[in-house]
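Inspection log for the structure reproduced underneath, given as structure tokens.
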Amino acid sequence: MTLKELNDKYFALYGDLYQARGLLTERQYKLSAEALLMSYKEELDVLFAERALAVGRERFELKFKVRNWLPRRVFLFWNNKIAKKLLRTYMVDFKAELKRLEEKAMPPTTPASSSDTPQTLPVPQSRDVETL
């Protein structure tokens, strides 16, 4: 039930009570009006409690999902098991992709025979000290 439906229901009941006012004594009218008011307050409290429960449940679920399912920065991973597992999976996939790209970029090298390339010795650097 919505608030509009609740109000329409009690507006109709109060209208009926007002129309029957001429048939009722003043005391009956006041007691009936007070009973309607108390009943309205109870149903209004129930309506608000149901709405608060629905909204509270949604807010709790959203906060839980954000806190536990949303990967965050590295320094927040100490408490987030799902995010840690996702990060490990992503790192494995990332390293595999980097390795694949590296292998694709580097042409396969064939081992050259030692007779084809001349062998040179490394040239030592000069260690002479210049004087001024």
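For the pair Glu97 and Arg100, the salt-bridge criterion is met [side-chain N within less than 4.0 Å of a carboxylate O].
Hydrophobic clustering (ILVMFWY, side-chain heavy atoms < 4.5 Å, transitive): Phe64 and Leu86 are in one cluster. A single hydrophobic cluster is seen to contain both Met1 and Phe48, as judged by linkage of ILVMFWY side chains at heavy-atom distances under 4.5 Å, directly or through other members. Neither Leu44 nor Val46 shares a network with the other; the hydrophobic side chains, linked directly or stepwise wherever heavy atoms of I, L, V, M, F, W or Y lie under 4.5 Å apart, form separate groups for each.
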Identify each donor-acceptor pair in which a side-chain atom of residues 25-42 lies under 3.5 Å from a protein atom, sequence neighbours left out, and give them as a table.
unit_1 : atom_1 : unit_2 : atom_2 : d
Thr25  : OG1    : Gln28  : N      : 3.2
Gln28  : OE1    : Thr25  : N      : 3.2
Ser32  : OG     : Gln28  : O      : 2.9
Ser39  : OG     : Tyr10  : OH     : 2.5
Tyr40  : OH     : Asn7   : OD1    : 2.5

Apply side chain to side chain contact (heavy atoms under 4.5 Å, CB included) to residues Leu17 and Leu24 and explain how you reach the verdict.
CA-CA 9 Å; Leu17 181 64; Leu24 301 173; 3.8 Å; yes
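Between Lys95 and Lys99 there is no side-chain heavy-atom pair separated by less than 4.5 Å.
Residues satisfying the salt bridge (Lys or Arg N to Asp or Glu O under 4.0 Å) test with Glu43, not counting sequence neighbours, are Lys9. Residues satisfying the salt bridge (Lys or Arg N to Asp or Glu O under 4.0 Å) test with Lys4, not counting sequence neighbours, are Asp8.
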